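Data block below; observations after.
As the structure is a prediction and not an experimental result, all values here were calculated from the model.
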Amino acid sequence: MYAPERHQAILELAQSRGRVDVRDLAEQLQVTPETIRRDLTSLERRGLVRRAHGGAVPIERASLRHTVPERETVQAAEKTAIAYAALAEVPDSGSILIDAGTTTIRLAESLPRDRRLTVVTHSLPVAMALADRAEIELHFLGGMLRGDSLSAVGTWTHQMIGMVAVDVAFLSVNGITPERGLTTSNLAESAVKSAMIRAARRTVVLADHRKFGREEFSRIAPLAAVDTIITDERVNPELVAEVEAAGTDVIRATVLAESRTA
């Protein structure tokens with residue numbers, strides 16, 4: 001196989017899986033790991049992938065502009081399983097912060113109706129999901145509304161987060177690596193997420209398997225800043241072991257077979 005053919009194969013695998021590993025590619029394409037590393041370097045220079053720990057992830061420029069409804073259809077079964085698993089982290093009573101994100105929207109929609117909770121959020125879809133819930137005291141954080149995430153960011157948002165102390169914060173992220181910790185693609189969103197971690201006694205991250213081994217532009221916090229990450233069963237076990245070695249628990253939610261085909 002010539003180099004251009006390998007590059008095309010690597011790119012297609014990265015786009016379909018969300019991540020590729022050097023060792024897996026070397027075995028699959030029947031070349032040495034050193035050859036794969038040179039291929040990934042070439043693809044990175046062309047702006048097609050971003051090197052990550054032990055492999056690479058595709059650069060999906062268009063995905064940054066996808067709307068919330070469009071993103072909700074991606075890995076839908078996995079996100080639902082993660083949200084249901086996160087219910088075990090919700091206190092029987094007390095206060096929680098819910099970050100913007102399609103998985104956190106599912107969590108908000110699934111909150112039990114037999115618990116009296118104070119919920120703080122900067123996500124418009126999360127607020128709308130809880131607006132008619134009489135048992136929930138809802139606090140919506142104002143600020144500049146971002147069109148793609150439908151979330152409030154900026155100085156006002158930070159000031160209001162700084163006024164609260166909650167039991168649990170539920171966060172969404174775009175990347176998780178032992179070296180860079182938690183990352184996301186937008187600086188304004190990253191600042192809000194960092195403030196949420198500081199405002200919470202415990203922090204739980206909801207992230208499907210595609211986020212592991214991926215690095216984005218803006219750093220949120222080191223892994224040590226969060227208590228638990230809930231992901232799905234398709235996550236790379238080697239990456240899970242590295243995250244857990246950093247002191248963060250990882251819970252793998254089981255996706256029901258009927259959910260995958262729904």
Side-chain angles (χ1 to χ4, degrees), residues 79 82-123 125-127 129-130 133 135-143 151-178 180-184 188-208 211-212 218-231 240 243-253:
K79 291 175 180 178
I82 291 167
Y84 284 150
L87 293 177
E89 306 293 329
V90 176
D92 292 335
S93 62
S95 56
I96 61 175
L97 264 166
I98 302 182
D99 188 16
T102 51
T103 308
T104 50
I105 294 172
R106 282 174 166 77
L107 171 64
E109 294 170 341
S110 306
L111 287 176
R113 292 182 176 270
D114 61 350
R115 303 184 195 182
R116 299 195 65 84
L117 295 168
T118 298
V119 178
V120 182
T121 186
H122 70 131
S123 164
V126 168
L130 299 175
R133 299 276 296 270
E135 75 281 9
I136 288 177
E137 181 180 297
L138 179 64
H139 296 262
F140 182 66
L141 303 170
S151 61
V153 297
T155 303
W156 291 354
T157 317
H158 295 164
Q159 288 176 342
M160 284 183 277
I161 293 175
M163 296 170 65
V164 303
V166 302
D167 297 312
V168 187
F170 293 94
L171 258 65
S172 65
V173 301
N174 293 114
I176 301 170
T177 65
R180 294 276 292 165
L182 309 176
T183 55
T184 192
E189 291 277 7
S190 176
V192 171
K193 295 175 191 291
S194 297
M196 287 183 167
I197 292 173
R198 293 192 297 270
R201 295 180 181 88
R202 294 186 64 250
T203 299
V204 178
V205 172
L206 311 185
D208 67 64
K211 311 300 174 61
F212 280 72
S218 183
R219 193 178 189 208
I220 300 167
L223 287 176
V226 302
D227 300 274
T228 303
I229 298 174
I230 303 179
T231 186
V240 169
V243 170
E244 290 182 325
T248 302
D249 293 331
V250 179
I251 297 172
R252 281 167 273 203

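- Enclosure of atom CZ in F140 by more than 12 non-hydrogen atoms of other residues, nucleotides or ligands within 6.0 angstrom is indicated.
- Using a 4.5 Å heavy-atom threshold, the side chains of I176 and T231 count as separate.
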*Could you give me the CA-CA distance, side-chain angles and deciding distance for V90 and F170, then say whether side chain to side chain contact (heavy atoms under 4.5 Å, CB included) is met?*
CA-CA 9 Å; V90 176; F170 293 94; 3.7 Å; yes
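- A donor atom on one side chain and an acceptor atom on the other are found under 3.5 Å apart for N174 and T184.
- Few gaps surround CZ on R133; more than 12 heavy atoms of other groups in view lie less than 6.0 Å from it.
- Summarising the geometry, atom OG1 belonging to T118 is positioned 5.5 Å from atom NE2 belonging to H139; distances are rounded to the nearest 0.5 Å.
- The list of salt bridge (charged side-chain N to carboxylate O under 4.0 Å, His left out) pairs with a residue in residues 243-253, not counting sequence neighbours, is empty.
- Among all heavy-atom pairs drawn from A199 and L97, the shortest one is CB-CD1, 4.1 Å.
- Residues that satisfy the salt bridge (Lys or Arg N to Asp or Glu O under 4.0 Å) test with R202, not counting sequence neighbours, are E89.
- Of all non-hydrogen atoms in R115 and E135, the two that sit nearest each other are O-CG, 3.3 Å.
- Inter-residue side-chain proximity for I220 and S194 is flagged as met; some heavy-atom pair is nearer than 4.5 Å.
- Shortest non-hydrogen contact noted between V168 and A200 is C-CB, 4.2 Å.
- Going from atom CD1 of I82 over to atom OG of S172 covers 11.0 Å, rounded to the nearest 0.5 Å.
- Nearest heavy atoms, A83 versus R106: CB-CB, 3.7 Å.
- Rounded to the nearest 0.5 Å, atoms CD1 (I105) and OG (S123) are 5.0 Å apart.
- Closest heavy-atom contact between L130 and A108: CD2-O, 3.3 Å.
- Side chain of K193 to backbone of L171: no donor-acceptor contact under 3.5 angstrom is found.
- Judged by distance alone, the side chain of R219 and the main-chain N or O of R180 form a donor-acceptor pair under 3.5 Å.
- For T121, there are no side chain to side chain donor-acceptor pair (under 3.5 Å) partners two or more places apart in sequence or in a different chain.
- Of the possible donor and acceptor atoms, none in the side chain of D167 sits under 3.5 Å from a partner among the backbone N and O of I96.
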*Mind running side chain to side chain contact (heavy atoms under 4.5 Å, CB included) on D99 and V173 for me, showing each step along the way?*
CA-CA 9 Å; D99 188 16; V173 301; over 6 Å; no
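- D92 contributes atom CG, which lies 8.5 Å from atom CG of D114 (distance to the nearest 0.5 angstrom).
- Counted by atom type alone, E189 and S151 present one or more donor-acceptor pairs between their side chains at under 3.5 Å.
- Contact check for H158 versus V192: side-chain heavy atoms found under the 4.5 Å cut-off.
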*With side chain to side chain contact (heavy atoms under 4.5 Å, CB included) as the test, would you mind laying out the steps for L182 and L223 before giving the verdict?*
CA-CA 6 Å; L182 309 176; L223 287 176; 4.0 Å; yes
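- Atoms CG and OG, from L117 and S95 in turn, are 8.5 Å apart once rounded to the nearest 0.5 Å.
- The two atoms that bring G143 and T157 nearest to each other are CA-OG1, 3.6 Å, heavy atoms only.
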*Let me see the working for L107 and L87 under side chain to side chain contact (heavy atoms under 4.5 Å, CB included), right down to the final yes or no.*
CA-CA 7 Å; L107 171 64; L87 293 177; 3.7 Å; yes
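- Without hydrogens or angle criteria, T203 side chain to D227 main chain gives no donor-acceptor distance under 3.5 Å.
- Distance check, rounded to the nearest 0.5 Å: CG of L141 to CD of Q159 gives 11.5 Å.
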